[in-house]
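Take a look at the structure set out below.
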Amino acid sequence: MKKIFLPLLVLLSFFMVSCSQEANTTKSNPTPSSSEVTKLEKVVTETYQYQEDLDGQLKTMTETITYQGEQFLSLDLLIEEPLDEETQAILAEQDFANIKDEIIRQIENDSSFSKLKSLKGVTTSLDLRDDYVFVVRVIIDMQVVDFDQLLQVPGLPETFADFKVLKPQDYIISLIAQGATQLKE
């Protein structure tokens, strides 16, 4: 009898332990919190490109949007704008390397650009290519940037205020509506 009772007692204790573990797991909330859902959703990066015509000069805008669910993570803006023909003619008569550095320095010292560059969560770069195309890159970490400070930068569109409430998919739809096409990686 002791030979049967002891294994039965061990088996019963294993059964009790496993039942108590099941009871603990079933007591947890079956509805995940929004932070748990965000952790489960994958990070998506999409790139869109469109052109704007400003006084006969075509400016190419490339926007790379990184998001997770309904939350923006980052926005990478690449603006390529050819200089007008008159400016190109003037620069062609100059030492390009020296004048390039001077132009970039002047823009970096501009109060609007300096203010943008100084914001936490914003990274900027400037270049003037040999083909006289001015390249500006602004990367905004949407999790870090203070949108109220960003909106105080002169020259930025007021639409940046929309990023506080805008969902990534809605923003992408608006890009497509203005003629942007998705670039495949």
Side-chain angles (χ1 to χ4, degrees), residues 43-68 71-183 185:
V43 174
V44 178
T45 300
E46 297 181 23
T47 302
Y48 293 85
Q49 190 173 67
Y50 57 96
Q51 291 186 326
E52 290 182 354
D53 186 352
L54 299 171
D55 300 325
Q57 291 295 109
L58 278 182
K59 177 172 33 173
T60 302
M61 308 281 285
T62 306
E63 297 190 29
T64 301
I65 304 122
T66 303
Y67 61 96
Q68 187 173 23
Q71 188 172 26
F72 282 99
L73 299 178
S74 69
L75 181 63
D76 182 343
L77 305 169
L78 179 67
I79 305 163
E80 298 172 291
E81 184 175 1
L83 299 177
D84 62 74
E85 290 180 17
E86 183 180 334
T87 304
Q88 287 183 31
I90 292 170
L91 292 178
E93 297 172 1
Q94 307 288 324
D95 178 19
F96 185 76
N98 287 336
I99 199 74
K100 172 184 171 177
D101 291 340
E102 181 59 33
I103 291 170
I104 290 172
R105 196 171 19 261
Q106 284 180 4
I107 293 172
E108 285 178 335
N109 291 333
D110 175 73
S111 63
S112 297
F113 195 79
S114 292
K115 187 169 187 169
L116 178 65
K117 193 167 72 171
S118 71
L119 293 178
K120 185 177 179 184
V122 176
T123 307
T124 61
S125 66
L126 298 170
D127 192 22
L128 179 59
R129 296 191 322 223
D130 293 342
D131 60 351
Y132 301 110
V133 174
F134 198 66
V135 180
V136 179
R137 183 174 215 151
V138 179
I139 301 171
I140 304 171
D141 183 335
M142 305 294 255
Q143 302 298 302
V144 175
V145 73
D146 181 337
F147 283 101
D148 294 329
Q149 288 181 350
L150 186 64
L151 292 172
Q152 293 175 9
V153 175
L156 285 183
E158 292 178 10
T159 54
F160 271 103
D162 296 340
F163 282 105
K164 287 181 173 182
V165 294
L166 198 61
K167 296 177 183 171
Q169 289 300 329
D170 294 336
Y171 181 67
I172 290 169
I173 289 169
S174 74
L175 284 177
I176 293 169
Q178 71 182 34
T181 55
Q182 186 174 11
L183 301 179
E185 316 252 326

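How far CZ of Phe134 is from CG of Leu126: 4.5 Å, rounded to the nearest 0.5 Å. Taking CD1 of Ile90 as the reference point, atom CD of Gln94 lies at 8.5 Å (rounded to 0.5 Å). Distance check: Ile140 CD1 to Thr66 OG1 gives 12.0 Å after rounding to the nearest 0.5 Å. Rounding to the nearest 0.5 angstrom, the gap separating the CG atom in Leu78 from the OG atom in Ser125 is 8.0 Å. Atom CD of Gln68 sits about 11.5 Å away from atom OG of Ser74, to the nearest 0.5 Å.
For the side chain to side chain contact (heavy atoms under 4.5 Å, CB included) test, residues two or more places apart in sequence or in another chain that qualify with Ser174 are Tyr171. For Gln106, the side chain to side chain contact (heavy atoms under 4.5 Å, CB included) partners are Glu102, not counting sequence neighbours. In this structure, Ser114 has no side chain to side chain donor-acceptor pair (under 3.5 Å) partners at least two apart in sequence or on a different chain. Applying the side chain to side chain contact (heavy atoms under 4.5 Å, CB included) rule to Gln49 yields the partners Thr60, Thr62, Leu183; only residues at least two apart in sequence or on another chain are considered. Annotation: salt bridge (Lys or Arg N to Asp or Glu O under 4.0 Å) contacts of Glu85 (sequence neighbours excluded): none. Contacts of Tyr132 classified as ring-ring contact (aromatic ring centres under 6.0 Å, His included), with partners at least two apart in sequence or in another chain: Phe96. Residues that satisfy the side chain to side chain donor-acceptor pair (under 3.5 Å) test with Asp127, not counting sequence neighbours, are Lys100. Thr64 pairs by the side chain to side chain contact (heavy atoms under 4.5 Å, CB included) definition with Thr45, Thr47, Asp76, not counting sequence neighbours. Checked against side chain to side chain donor-acceptor pair (under 3.5 Å), Glu80 has the following partners two or more places apart in sequence or in another chain: Arg129. Residues passing the side chain to side chain donor-acceptor pair (under 3.5 Å) test with Asp130: none are found, sequence neighbours excluded. Scored by the salt bridge (Lys or Arg N to Asp or Glu O under 4.0 Å) test, Glu81 finds no partners at all (sequence neighbours excluded).
Side chains of Tyr50 and Glu63 form a contact here, defined as non-hydrogen atoms less than 4.5 Å apart. Between Val138 and Ile79, the closest side-chain pair of non-hydrogen atoms is not below 4.5 Å. In this structure the side chain of Val136 never reaches within 4.5 angstrom of the side chain of Thr124, judged on heavy atoms.
The minimum heavy-atom distance linking Leu116 with Val122 is given by the pair O-CG1, 3.5 Å. Here the shortest heavy-atom pairing between Asp84 and Thr87 reads OD1-N, 2.8 Å.
Environment of CD in Glu86: sparse, with no more than 12 heavy atoms of neighbouring residues, nucleotides or ligands closer than 6.0 Å.
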Side chains of residues 142-153: which donor-acceptor pairs under 3.5 Å do they make with residues two or more places apart or in other chains?
unit_1: Gln143; atom_1: OE1; unit_2: Gln71; atom_2: NE2; d: 3.3
unit_1: Gln143; atom_1: NE2; unit_2: Phe72; atom_2: O; d: 2.4
unit_1: Asp146; atom_1: OD1; unit_2: Asp148; atom_2: N; d: 3.0
unit_1: Asp146; atom_1: OD1; unit_2: Gln149; atom_2: N; d: 3.4
unit_1: Asp148; atom_1: OD1; unit_2: Lys164; atom_2: NZ; d: 2.6

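Partner of Ile65 under the side chain to side chain contact (heavy atoms under 4.5 Å, CB included) criterion, chosen from Val44, Leu77, Leu175: Leu175.
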